[in-house]
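Beneath this line is the structure, given in structure tokens, with notes to follow.
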Amino acid sequence: MENFLDKLTPSYTFEIFPPKGNKSTEGTYAVIDSLVSFNPDLISVTYGAGGSSRDNTVEIASGIQNKYKVCGVAHLTCVGTTKADIKNILERLKGNNVKNILALRGDLKDESDLGEFHHASELIKFIKDEYGDYFDVFAACYPEKHPEAKSMEDDLFHLKEKCDLGVKALISQLFFDNDIFCQWREKVRALGIKQPIIAGIMPITAAAQISKVVEMCGASVPERVRRFVNEYGHHQGAVKEAGIAYATEQIIDLLARNVEGIHLYTMNQADTVRRIDAGIRSVLYTKRYAVYNDR
Ligand SMILES: Cc1cc2nc3c(=O)[nH]c(=O)nc-3n(C[C@H](O)[C@H](O)[C@H](O)COP(=O)(O)OP(=O)(O)OC[C@H]3O[C@@H](n4cnc5c(N)ncnc54)[C@H](O)[C@@H]3O)c2cc1C
């Protein structure tokens, strides 16, 4: 199967979430209408995150793939599930021509939630055992280590286990400090992990987002970001302006540091993406052209 990563480097990808509960998907499709105009290499759809509907993940990933003819990636978590549950979803994805999956464990509320899978690697192995190479499987990675990991070394050891199962590429947890990402990437490469590492970037669009994000994933917040959030926090419009400018500069710097892909956590805000896209587009295409010519 031809994959976007074989064609364009650095890749440029977006993440969206489906509606919560049984709310209509109309609003999500309006967001996708805008996002596809920026020519992403893929759009991924979260699964169950923040209470979003799981059924809608399959439907929307399928819409992206079949209606918009853009590569649709379905996130899939295995926490609290059985092999039969997972098989059922994989069959639905296959039936809908969705061939790309971001295979995740999902967040644990407590150990007793685990079900038949304990780690994302077991889900990846299950997909590979059952379907061979039918699906292209992506996995998550953590430049500042996963919050539960005993150490960075331990986390990287388990990352290598996932990669050795044949994942197509890694998508990173969000981060705000490019130095941290690049130092971590060196450690990943030193372990012999060769998969492309796609950098996850989340623009800050509201002051409250920072504390939520730090609590969720423990990302380091550079002094410069803290300063604009503190200084403009009472005025959401100003925080958003500063957040868009920061994300744009962060991406431009990552492209200069030869990142293999940019994955924007869009939070379904097409207007924010439009602003960032305008700021990075010429740099992204200059970089793509240079990489293509070097081959
Ligand atoms: C790009 C991205 C997208 C995401 N999308 C979603 C989503 O749509 N829905 C959602 O609910 N969540 C999502 N998440 C969050 C994710 O589910 C959580 O971070 C979860 O806690 C870990 O998932 P994982 O796949 O990285 O797990 P794993 O790879 O299983 O790792 C989890 C922890 O277990 C450790 N570990 C792994 N294997 C072993 C082993 N064999 N023995 C001992 N320890 C081990 C790891 O070091 C790590 O500390 C996303 C995260 C990222 C980065």
Side-chain angles (χ1 to χ4, degrees), residues 3-16 35 38-44 46 71 73 75 100 102 104 136 138-147 152 155-156 159 162-163 167-191 193-205 209-210 213-214 216-222 224-225 243-267 269 272-273 275-277 279-288 290-291:
N3 190 285
F4 76 95
L5 288 167
D6 303 329
K7 290 188 289 181
L8 296 169
T9 306
S11 57
Y12 180 44
T13 63
F14 298 152
E15 176 176 305
I16 59 165
L35 293 183
F38 307 121
N39 283 320
D41 299 307
L42 68 76
I43 300 178
S44 78
T46 65
C71 177
V73 178
H75 294 207
N100 292 274
L102 173 54
L104 301 148
D136 273 339
F138 295 70
C141 59
Y142 300 84
E144 302 191 60
K145 96 173 178 59
H146 185 271
M152 179 59 91
D155 207 28
L156 289 174
L159 181 64
K162 293 199 280 195
C163 291
V167 301
K168 183 82 188 172
L170 298 169
I171 305 182
S172 93
Q173 181 58 284
L174 65 93
F175 59 92
F176 301 112
D177 186 327
N178 289 353
D179 288 344
I180 291 178
F181 174 83
C182 290
Q183 283 153 19
W184 166 84
R185 184 175 59 169
E186 278 175 28
K187 290 188 188 152
V188 174
R189 295 299 179 222
L191 285 174
I193 293 174
K194 299 216 166 26
Q195 278 86 350
I197 302 171
I198 305 176
I201 303 297
M202 178 180 277
I204 298 156
T205 55
Q209 196 184 334
I210 278 288
V213 158
V214 171
M216 178 195 76
C217 69
S220 305
V221 183
R224 196 179 137 203
V225 173
I244 288 171
Y246 187 85
T248 304
E249 278 186 34
Q250 198 187 350
I251 293 169
I252 289 172
D253 181 54
L254 285 168
L255 291 169
R257 293 175 179 214
N258 298 322
V259 75
E260 287 134 339
I262 298 291
H263 186 68
L264 268 186
Y265 292 103
T266 73
M267 296 167 296
Q269 296 181 13
T272 300
V273 176
R275 303 271 311 279
I276 294 174
D277 184 83
I280 67 164
R281 182 145 287 262
S282 65
V283 179
L284 174 70
Y285 278 83
T286 301
K287 193 73 198 174
R288 280 181 166 186
V291 171

Residue pair L156 / K145, side-chain heavy-atom distance below 4.5 Å
no
Checking I280, T266, I251, V259 against I201 for side chain to side chain contact (heavy atoms under 4.5 Å, CB included), the one that qualifies is I251
Check: P203 main-chain N/O paired with Q209 side-chain donor or acceptor under 3.5 Å
yes
Contact check, side chains of I210 and V221, non-hydrogen atoms, under 4.5 Å:
yes
Strictly below 4.0 Å, N to O, side chains only: are R224 and D177 in salt-bridge contact?
no
Considering only heavy atoms from C-beta outward, does the side chain of I276 approach that of Q250 to under 4.5 Å?
no
Going from OH on Y142 to CE on M152, what distance comes out if it is rounded to the nearest 0.5 angstrom?
12.5 Å
Quick check: closest heavy atoms across R281 and F38, and the distance to 0.1 Å?
NH2-O, 2.7 Å
Any sub-3.5 Å donor-acceptor pair from D41's side-chain atoms to T13's backbone N or O?
no
Backbone N/O of G200 and side chain of S172: donor-acceptor pair under 3.5 Å:
yes
Going by heavy atoms in the side chains, are S44 and F138 under 4.5 Å from each other?
no
Short question: side chain of E260, backbone of I197 - any donor-acceptor pair under 3.5 Å?
yes
Quick one: are L170 and C163 in side-chain contact, heavy atoms under 4.5 Å?
yes
Would you check if M267 and T272 make a side-chain contact, meaning some heavy-atom pair closer than 4.5 Å?
no
Find out whether I180 and F175 are in side-chain contact, i.e. whether some heavy atom of one side chain is under 4.5 Å from a heavy atom of the other.
no
Would you name the heavy atoms of K287 and L255 that are closest together and state the gap between them?
CE-O, 3.2 Å
So, the side chain of Q173 versus the backbone of C217: is there a donor-acceptor pair under 3.5 Å, distance only?
no
Search all heavy atoms of A199 against all heavy atoms of F181 and return the closest pair with its distance.
CB-CZ, 4.0 Å
CG-CH2 distance between L159 and W184, expressed to the nearest 0.5 angstrom
6.0 Å
Supply the atom-to-atom distance I43 CD1 to H263 NE2, rounded to the nearest 0.5 angstrom.
10.5 Å
Passes side-chain hydrogen bond (donor to acceptor under 3.5 Å, both in side chains), T46 versus H75? Steps please.
CA-CA 5 Å; T46 65; H75 294 207; 5.5 Å; no
Measuring from S11:OG to I171:CD1, what's the distance to the nearest 0.5 Å?
8.5 Å
Do you know the tightest heavy-atom contact between Y265 and E15?
CE2-OE1, 3.2 Å
Taking all non-hydrogen atoms of both residues, which atom of L102 and which atom of A140 are closest, and how far apart?
CD1-N, 3.9 Å
Minimal heavy-atom distance between C71 and N100, with the atoms involved, is SG-ND2, 3.3 Å
Contact between Y12 and D277 at the side-chain level, heavy atoms closer than 4.5 Å - yes or no?
yes
Euclidean distance, N178 CG relative to I252 CD1, rounded to 0.5 Å:
11.0 Å
Just by distance, do the side chain of R185 and the backbone of P143 share a donor-acceptor pair under 3.5 Å?
no
